[in-house]
Amino acid sequence: MGRQLTIRGVSEEVEHRLKCLSRARDQSVNATVLEILTAAVSVDERRRRLARYMTWNSDDLAEFNEALAPQRLG
C-alpha cells in the first residue's frame, strides 16, 4: 500500500470538479486524484523510458553513441 498524503486548502470548485470527474470515470475521488497526480509528475512515462533503456542491445547503444558523438568534446 502506498503512502498517505493530506492536501489542505482545496477550493470548493476544485472539490466539485474532482467529484464530477470521478463520477464520470465511475471511480473514487481518491483514484481520480491518484491518476491526475501520476500523470502530472510523469511517473508512467519515466517508467516506460527506463524500461526501454534496460532492454537496450549493442545496436541501440551504438546508435545512441553515434547520435551523441557530435556533442562530445575531443
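For this chain, numbers begin at 1 and follow the sequence in order.
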Legend entry - Connected-component partners of V10 among ILVMFWY, side-chain separation under 4.5 Å: L5, I7, V14, L18, L21, V29, V33, I36, L37
Legend entry - Least distance between heavy atoms, A67 atom then P70 atom: O-CD, 3.5 Å
Legend entry - Test side chain to side chain contact (heavy atoms under 4.5 Å, CB included) applied to A39 - qualifying residues, sequence neighbours left out: none
Inset, instruction - Return each pair, listed once, that meets salt bridge (Lys or Arg N to Asp or Glu O under 4.0 Å) where at least one residue sits in residues 55-67; pairs must be two or more places apart or across chains. - result: none
Legend entry - Residue pairs involving residues 25-43 (criterion salt bridge (Lys or Arg N to Asp or Glu O under 4.0 Å); sequence neighbours excluded): R25-E35
Inset, instruction - Applying side chain to side chain donor-acceptor pair (under 3.5 Å), name anything that partners N65, two or more places apart in sequence or on another chain. - result: R72
Inset, instruction - Provide the full list of side chain to side chain donor-acceptor pair (under 3.5 Å) pairs with a residue in residues 9-22, sequence neighbours left out, each pair given once. - result: E13-R17, E15-K19, S22-T32
Inset, instruction - Could you tell me which residues satisfy side chain to side chain contact (heavy atoms under 4.5 Å, CB included) with S58, sequence neighbours excluded, listed by chain and number? - result: none
